[in-house]
Amino acid sequence: MEVVHDLGRWRDSAQATRARGRVVGLVPTMGALHEGHLALVHAARERGDVVFLTIFVNPRQFGDAADLARYPRTLEADQALAESVGVDVLVVPSLDEMWPDYPRDTMTSVHVTGLGDVLEGEGRPGHFAGVASVVAKLFAVTGPCRAYFGEKDYQQVAVVRQMVRDLALPVDVVDVPVVRDADGLALSSRNGRLSAHGRVQALALSRAIASAARRSAPASVLRAAMRAELARAELEVAYAEIVDPLTLQPLDDGARGAARALVAGVVEGVRLIDNGPVTLGQEE
Ligand code: AMP
């Protein structure tokens, strides 16, 4: 496994991969790797891509300085794990290379309006501009590639897809289903900050999604089922919504067919999210 820190070598390595007739499979992460991240690597390898996994804790997508300071950084373990699953190039750019002016706010910013302003964007102003800006830079340095994103961050994939379409970026975005622990909790680098009790509380999120996915009913019925599930646990609910799977706009009871359920909550100061596909139908 090649380990690359500077943007020039990363760009050259991707270019050399394409010159050999291979596809670059880009897997952007913030590290603290777990099976959720590895599922993206497996998906890229299954397609025969040469896998470039990036690790960069992007300060511009954290609104809360304490959250950024507490974000887990486990580079040595990440490197061993990346190697064990067949990552070809591990890209670990420095903050200085990615954002030379940081913390000065003189950057070009990519803001995907609409999609980036609802749900997570509402609770975390500026978050998706930080995400879109860093992902645009990862794409710019990598060049034409397939890029793998987890549905765990459903809104993030929607924002990235829209950006790719709007800017005609030479990137094929592939999404990968949510990877969960045996008890249903969606894997997240932040789960390690939960106590045993907090983890039990956090399970209400995946139970809420499951309660909406279990049956076909109007949006308000599924929303109420999710909220009832969340109310049983003592967690601070940020939102529990049934939305259009493409526009992420809330749906009313006239809507039928495929939709998406998304929830977010705060447990022991840790913000957690989950989502899943649901079907809207007649009242049972
Ligand atoms: P992060 O390091 O949290 O920024 O995540 C990097 C990538 O891994 C993103 O595309 C995430 O959506 C994806 N990812 C994180 N957790 C999971 C999971 N439990 N299942 C699927 N993908 C995930």
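Atoms within each ligand, like the ligands themselves, are counted from 1 in listed order.
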Mind checking whether [X] contacts ligand 1 via backbone (N, CA, C, O), side chain (CB onward), both or neither, at a 4.0 Å heavy-atom cut-off?
X: L40; result: side chain
X: P177; result: backbone
X: P28; result: backbone
X: E151; result: neither

**Request:** Would you indicate whether the side-chain heavy atoms of R20 and V50 approach each other to under 4.5 Å?
**Result:** yes
**Message:** Using side-chain heavy atoms (C-beta onward) and a distance below 4.5 Å, is I273 in contact with L262?
**Reply:** no
Taking only heavy atoms of [X], which atoms of ligand 1 are found under 4.0 Å from at least one of them?
X: H34; answer: 15 (C), 16 (N), 17 (C)
X: F149; answer: 10 (O)
X: V178; answer: 20 (N), 21 (C)
X: L187; answer: 16 (N), 17 (C), 18 (C), 19 (N)

**Prompt:** In terms of side-chain heavy atoms, does S220 have a donor or acceptor partner in D253 at a distance below 3.5 Å?
**Reply:** yes
**Side chains of Q61 and N58, donor plus acceptor under 3.5 Å** = yes
**Request:** From the options K152, H37, M30, R180, select the one whose nearest heavy atom is closest to atom 5 (O) of ligand 1.
**Result:** H37
Salt bridge check, [Y] against [X]: does any charged N sit closer than 4.0 Å to a carboxylate O?
X: D181; Y: R199; answer: yes
X: E268; Y: R193; answer: no
X: D175; Y: R161; answer: yes
X: R271; Y: D64; answer: no

When you measure from [atom] to every protein heavy atom, which one gives the shortest distance, and what is it?
atom: atom 12 (O) of ligand 1; result: D153 OD2, 2.6 Å
atom: atom 10 (O) of ligand 1; result: G150 N, 2.9 Å
atom: atom 20 (N) of ligand 1; result: V179 N, 2.8 Å
atom: atom 3 (O) of ligand 1; result: Y71 OH, 3.8 Å

**Item:** Short side-chain to backbone donor-acceptor contact, S133 and V110, under 3.5 Å
**Value:** yes
